[in-house]
Amino acid sequence: MSSEPVTQLGEQARAEMLEIVARYPEAQSALLPMLHLVQAYEGYVTPAGIEMCAEVLGITEAEVAAVATFYTMYKRRPVGEYHVGVCTNTLCAIMGGDRIWEDLSGHLGIGHDETTEDGKISLERVECNAACDFAPVMVVNWEFADNQTPESARELVDRLRGGEQVSSTRGPRVCSWKQAERILAGFGDDAADEGVQAGPASLVGRELADERGWTAPQGGQQAIEGRGEKK
């Protein structure tokens with residue numbers, strides 16, 4: 001029997017990589033979405049994926065691996081069908097993110113960058129989800145789950161493990177990890193306009209500006225700086 005690991009990457013994956021390369025004026029600019037495509041096929045960045053990216057771009061495997069190990073969105077071992085990121089950065093932590101993390105980790109029996117035995121859920125501490133106005137926040141395959149509590153977080157992962165369809169707080173229904181990675185590679189799923197696009201907390205500033213008749217200064221930065229000048 002061959003000792004070579006089984007890979008899902010074949011001619012279709014190579015053709016899609018070339019399709020990604022064609023979007024950019026410089027071929028190497030395509031590496032990030034290509035790595036997402038590898039994860040869409042393999043579930044994580046495998047040695048075979050690194051090799052194919054290097055071949056398509058005409059660079060070394062070391063150069064590809066350097067990028068894959070720099071960004072935390074690229075995984076070097078299999079993750080769950082639903083990858084859950086719990087924000088424990090400053091605001092989310094103060095609002096309950098640390099408690100959510102501890103509770104969810106205990107509930108699932110796994111820690112940071114670990115996956116449940118059934119392969120359904122993997123867990124990650126996330127430094128920031130860029131959604132402080134909805135703290136504490138989690139993401140599931142990069143879709144938002146806002147204003148979480150330990151109870152709601154447990155309910156969410158239990159529903160996912162049970163095969164239920166779950167919708168994100170702001171955005172579309174939650175798809176599988178591999179489907180999400182294909183979207184990040186630039187291959188859409190026609191769900192971009194599905195669900196709530198902006199939550200109330202994000203719109204407070206705009207609503208206040210409309211209420212008070214505020215508008216942005218015309219003329220860019222120079223006009224903003226000129227507002228403080230004496231005449």
Side-chain angles (χ1 to χ4, degrees), residues 7-46 48-50 52-53 56-57 64 67-87 113 115-116 119-131 134 137-146 148 156-157 159-161 163-199 202:
T7 178
Q8 302 299 314
L9 297 169
E11 289 309 307
Q12 180 178 343
R14 186 181 297 273
E16 289 180 337
M17 284 187 181
L18 290 171
E19 184 179 336
I20 293 172
V21 170
R23 302 173 191 161
Y24 296 89
E26 298 291 337
Q28 291 187 31
S29 299
L31 180 55
L32 299 184
M34 286 170 65
L35 287 169
H36 283 298
L37 185 67
V38 170
Q39 295 194 141
Y41 277 94
E42 305 275 70
Y44 65 108
V45 178
T46 58
I50 290 175
M52 183 175 285
C53 286
V56 170
L57 294 176
V64 176
V67 173
T69 55
F70 183 82
Y71 294 103
T72 58
M73 288 180 78
Y74 302 122
K75 307 303 179 184
R76 301 307 302 276
R77 57 177 180 238
V79 299
E81 183 179 358
Y82 299 101
H83 184 65
V84 177
V86 181
C87 183
D113 267 350
T115 305
T116 56
K120 286 287 186 179
I121 307 290
S122 52
L123 198 57
E124 177 183 10
R125 280 184 180 270
V126 178
E127 283 301 312
C128 184
N129 282 320
F134 297 97
V137 173
M138 301 193 322
V139 287
V140 182
N141 295 342
W142 317 124
E143 295 291 353
F144 285 112
D146 300 327
Q148 292 297 295
L156 178 61
V157 296
R159 290 177 62 198
L160 291 168
R161 293 181 88 178
E164 289 187 42
Q165 180 68 66
V166 173
S167 293
S168 59
T169 311
R170 287 172 290 123
R173 61 195 179 280
V174 174
C175 60
S176 73
W177 166 259
K178 289 185 176 181
Q179 289 170 324
E181 286 300 301
R182 185 168 179 81
I183 294 165
L184 289 174
F187 298 94
D189 63 350
D190 298 322
D193 297 325
E194 183 179 302
V196 176
Q197 299 301 300
S202 299

**Verdict with reasoning, Cys53 to Val67, per side-chain contact (heavy atoms from CB on, under 4.5 Å)** = CA-CA 11 Å; Cys53 286; Val67 173; over 6 Å; no
**Item:** Check: Lys120 and Leu160 side chains under 4.5 Å, non-hydrogen atoms
**Value:** no
**Prompt:** Are side-chain heavy atoms of Val166 and Val140 found at a separation under 4.5 Å?
**Reply:** no
**Item:** pair Met17-Val38: side-chain heavy atoms closer than 4.5 Å
**Value:** yes
**Message:** How close do Gly80 and Trp177 get, counting heavy atoms only, and between which atoms?
**Reply:** O-CB, 3.5 Å
**Shortest non-hydrogen contact from Val45 toward Ala68** = CG1-CB, 4.1 Å
**Request:** Give the ring-plane orientation class for Tyr74 versus His36, where under 30° counts as parallel, over 60° as perpendicular and anything between as tilted.
**Result:** tilted
**Request:** Give, for atom CG of Leu123 and atom NE2 of His83, the distance between the pair rounded to the nearest 0.5 Å.
**Result:** 8.0 Å
**Message:** Pair Gln39, Leu184 - check side-chain contact (heavy atoms from CB on, under 4.5 Å), show working.
**Reply:** CA-CA 10 Å; Gln39 295 194 141; Leu184 289 174; over 6 Å; no
**Prompt:** Has Arg23 got its NZ or CZ under 6.0 Å from the middle of the six-membered ring of Phe187, at an angle within 45 degrees of the ring axis?
**Reply:** yes
**Asked** Say you draw a straight line from OG of Ser168 to CZ of Arg173; how long is it, rounded to the nearest 0.5 Å?
**Response** 10.0 Å
**Request:** Applying side-chain contact (heavy atoms from CB on, under 4.5 Å) between Asp113 and each of Arg77, Arg125, Arg76, report the one that passes.
**Result:** Arg77
**Message:** Taking the side chain as everything from C-beta on, heavy atoms only, tell me whether Pro78 gets closer than 4.5 Å to Thr115.
**Reply:** no
**Message:** Could you report the tightest heavy-atom contact between Ala180 and Cys175, atom names first, then the distance?
**Reply:** N-SG, 3.5 Å
**Request:** Indicate yes or no: at least one non-hydrogen side-chain atom of Asp189 is less than 4.5 angstrom from one of Pro172.
**Result:** no
**Asked** Does Leu32 reach the side chain of Tyr71, with side-chain heavy atoms less than 4.5 Å apart?
**Response** yes
**Message:** Within this structure, what is the CG-CG distance for the pair Leu57 and Leu31, rounded to the nearest 0.5 Å?
**Reply:** 6.0 Å
**Item:** Ser29 versus Glu26, side-chain donor and acceptor atoms under 3.5 Å
**Value:** no
**Asked** How far does CG of Asn141 sit from CD of Gln179, to the nearest 0.5 angstrom?
**Response** 9.0 Å
**Request:** Kindly indicate whether the side chain of Met34, heavy atoms from C-beta on, has any atom under 4.5 Å from the side chain of Val64.
**Result:** no
**Request:** Grab the two heavy atoms, one from Ala48 and one from Glu42, that are nearest each other, plus how far apart they are.
**Result:** CB-OE2, 4.1 Å
**Item:** Nearest non-hydrogen partners of Leu156 and Ala145, listed with the distance
**Value:** CD2-CB, 3.9 Å
**Item:** Evaluation steps, side-chain contact (heavy atoms from CB on, under 4.5 Å), between Leu37 and Arg182
**Value:** CA-CA 6 Å; Leu37 185 67; Arg182 185 168 179 81; 3.8 Å; yes
**Asked** Any salt bridge between Lys75 and Glu181, counting N to O under 4.0 Å?
**Response** no
**Prompt:** Closest approach of Phe134 and Ser202, non-hydrogen atoms and distance?
**Reply:** CE1-OG, 3.2 Å
**Asked** Is there a side-chain contact between Met52 and Tyr41, using heavy atoms and a 4.5 Å cut-off?
**Response** no
